[in-house]
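Before any comments, here is the structure.
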Amino acid sequence: MSRQWMIRAAAMLLLVTVTPAAPPAAAVAGARAAALPYQDPSLPVATRVSDLMGRMSPDDKLGQMTQAERGSVSAGDITAHRLGAVLSGGGSAPSPNTPASWADMYDRFQNAALATPLGIPLLYGVDAVHGHNNVVGATIFPHNLGLGATRDPALVQRIGRAVAEEVSGTGVDWNFAPCLCVARDDRWGRTYESFGETPELPSAMATIVTGLQGATLNGPASVLATAKHYLGDGGTAGGVDQGDTRLSEQDLRAIHLPPFKAAVERGVGSVMISYSSWNGAKLHGHQYLISTLLKGELGFTGFVVSDWNGIDQIDGAPGASAHDVRTAINAGVDLVMAPTGWRQFIDLLRAEVQAGRVTQARVDDAVRRILTKKFELGLFERPLTDRAYTATVGSAEHRALARQAVARSQVVLKNAAGVLPLARTGNKIFVAGRSADDIGMQSGGWTISWQGSPGNITPGTTILQGIRNTAGAGTTVTYSRSGSGIDSSYRVAIAVVGETPYAEGQGDRPGGLGLDAADLDTIATLRASGVPVVVVLVSGRPLDVAAHLPGWHALVAAWLPGTEGQGVADVLFGAVQPTGKLPVTWMSGAAQQPINAGDGKTPLFPYGFGLTYDPPQDDTTPP
Ligand code: GLC
């Protein structure tokens, strides 16, 4: 396990805290009269920023450039060190993990920031990458790969708005999303965080930025979005997470830059730097790509944030160093995510500024960018949770939207003899598979915990429950996880199988992309009965199924649908016609990786492939 992961694991262990009730909001926020220009919302933001900066001490500025993890910082630390940002790492939640508890935690940290002499509110960031996925009870939407299969940017924008409402209802004002990576190698553990393998598809889905940020950043429920991970994270050699993207500048620009250009054009407020390298040079220290290209050529005026301890990797030695700090800041990183080592970061940066190796002008540019977003978000006027949105967390309206998105994301890849759609009435259906009745399996990574996990981890509808809900008069539905008990009396068998949840590098699969042995055994049991088998694949990427496909009557790519498994059943029964199209090329075998549209290789199913039920289509599965 890498150092980063060990630190993160240790930080997670410290993260259970009891959150005392926040002092009355009016008692704090109202205590500051709008006596000074920066406190006057009628003035232009630029004017307020300049006035505030003129009042800030050097340490006030360094604190604004620092982000600590909630488990490694106290309210007193925030006040004493003038910290400008806090985050929850994946799965880092207050106890109890409820929307109200999150809001109380946020307000407690925010009031600590407001208690500083200048009362500069903090930013609080989370990875709400498919819903407010750290929060038990939140609506969990399909991961981005499934949303890419919908080919519906307007739907994705609506999802962004719903996520923004749930996130802001817990106080949180900054979302480390969307990932606008272009996934080029399915062995990469973060393939499911991508909207697709072409630059066009993630670019089109940048609409989620508008959903998250709203028409204006200070609008109701707006949260700051983050385009990540800049640049080329999905193009590394071998699909190695945090690896090296070996491309000409022309190809890097053509393949990986367009989604970030689209996000900048939509006014994305922050950009997160990738751990990966470009031709051996770490992105976190890449002045040309960050300052010249992103801030200069693309005209990005928001702020650049590092990834979790991302600057530590610049010099290749463990931990943060003076070299790491000055290289990252001078490259154009404005805000450093230093989850546990935030004190050391501040001390190192102070020393670099005092030595003149980081100019005050660079510090001022970074702070100006950060403060501009805080003013634009309206945090100086409304720093505390808008509890009017707290009830939207997991709301019926949001779950209905997620169900619609799940249905639209389903891709029917094979449908021999029209075995789909399933008859609702008078049917006898056998359901099997370890992913059939498991919210954790169908949600994947970044769900309640960083890596996600099997089990009943949060409220929702499993795929099996969806099937049972849809079955009509005279239809029986039998479930057996292993498939045992099936016999020839059943009219159809549905095997819901796939991948065990994972996140980031822990999902890298350099050794093959085959189905799990347990899943193959389950399918074999079903096939032995002679009953037609429908395979529903719950996975974060295409899997290597070509050798098995001839024995399956149907195959549906369900991706990682999240809490609303009813959407899968909607398509299986034809309540919703399948319209999903592959967002990535489906390999004929893992040896083809990387395989992408236009590369001349012959896939099992090409990018954009997807069957519909009506009009009935002959089985077009290639031999
Ligand atoms: C991670 C991820 C990044 C995430 C950050 C904070 O390591 O690379 O996507 O936003 O940490 O959780």
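Remember, it's 1-based here, ligands and their atoms both numbered in the order they're listed.
For ligand 1, the atoms sitting less than 4.0 Å from at least one non-hydrogen atom of Met272 are 3 (C), 10 (O), numbered in the order shown with element in parentheses. Heavy-atom contacts of Tyr275 reach the following atoms of ligand 1: 7 (O), 8 (O) (cutoff under 4.0 Å). Under a 4.0 Å criterion applied to the non-hydrogen atoms of His229, ligand 1 contributes the atoms 3 (C), 8 (O), 9 (O). The distance from ligand 1 to the heavy atoms of Phe176 drops below 4.0 Å at these ligand atoms: 10 (O). Listed by number with element, the atoms of ligand 1 under 4.0 Å from a non-hydrogen atom of Glu504 are 1 (C), 2 (C), 7 (O), 8 (O). Interface of Lys228 with ligand 1, defined as ligand atoms under 4.0 Å from a residue heavy atom, comprises 3 (C), 4 (C), 9 (O), 10 (O). Residue-ligand proximity, Arg190 to ligand 1, at heavy-atom distances under 4.0 Å covers atoms 2 (C), 3 (C), 8 (O), 9 (O).
Taking any N or O of Trp308, backbone or side chain, none lies under 3.5 Å from an N or O belonging to ligand 1. Checked against a 3.5 angstrom limit, the closest N/O atoms of Trp446 and ligand 1 fall outside it.
With salt bridges taken as basic N to acidic carboxylate O contacts below 4.0 Å, none links Arg158 and Asp152. Using a cutoff of 4.0 Å between basic side-chain nitrogens and carboxylate oxygens, Asp508 and Arg190 are not scored as salt-bridged. Ionic pairing of Asp365 and Arg368 is not present here: no N-O contact between side-chain nitrogen and carboxylate oxygen is shorter than 4.0 angstrom. Taking the charged nitrogens against the carboxylate oxygens, Arg108 and Asp104 have no contact shorter than 4.0 Å, which rules out a salt bridge. A salt bridge is absent between Lys282 and Asp244; no separation between the charged side-chain nitrogens and carboxylate oxygens falls under 4.0 Å. A salt bridge links Glu564 with Arg399: the distance from a Lys NZ or Arg NE/NH1/NH2 to an Asp or Glu carboxylate oxygen falls below 4.0 Å.
Taking a 4.0 Å cut-off on heavy atoms, Trp450 fails to register as neighbouring ligand 1.
Considering Asp307, Thr226, Asp241, Val305 only, the shortest heavy-atom separation from atom 5 (C) of ligand 1 involves Asp307.
The 12-atom threshold is not exceeded at NZ of Lys261, counting heavy atoms of other residues, nucleotides or ligands nearer than 6.0 Å.
Taking the side chain as every heavy atom from C-beta outward, Val304 and Ser270 never approach each other to under 4.5 Å.
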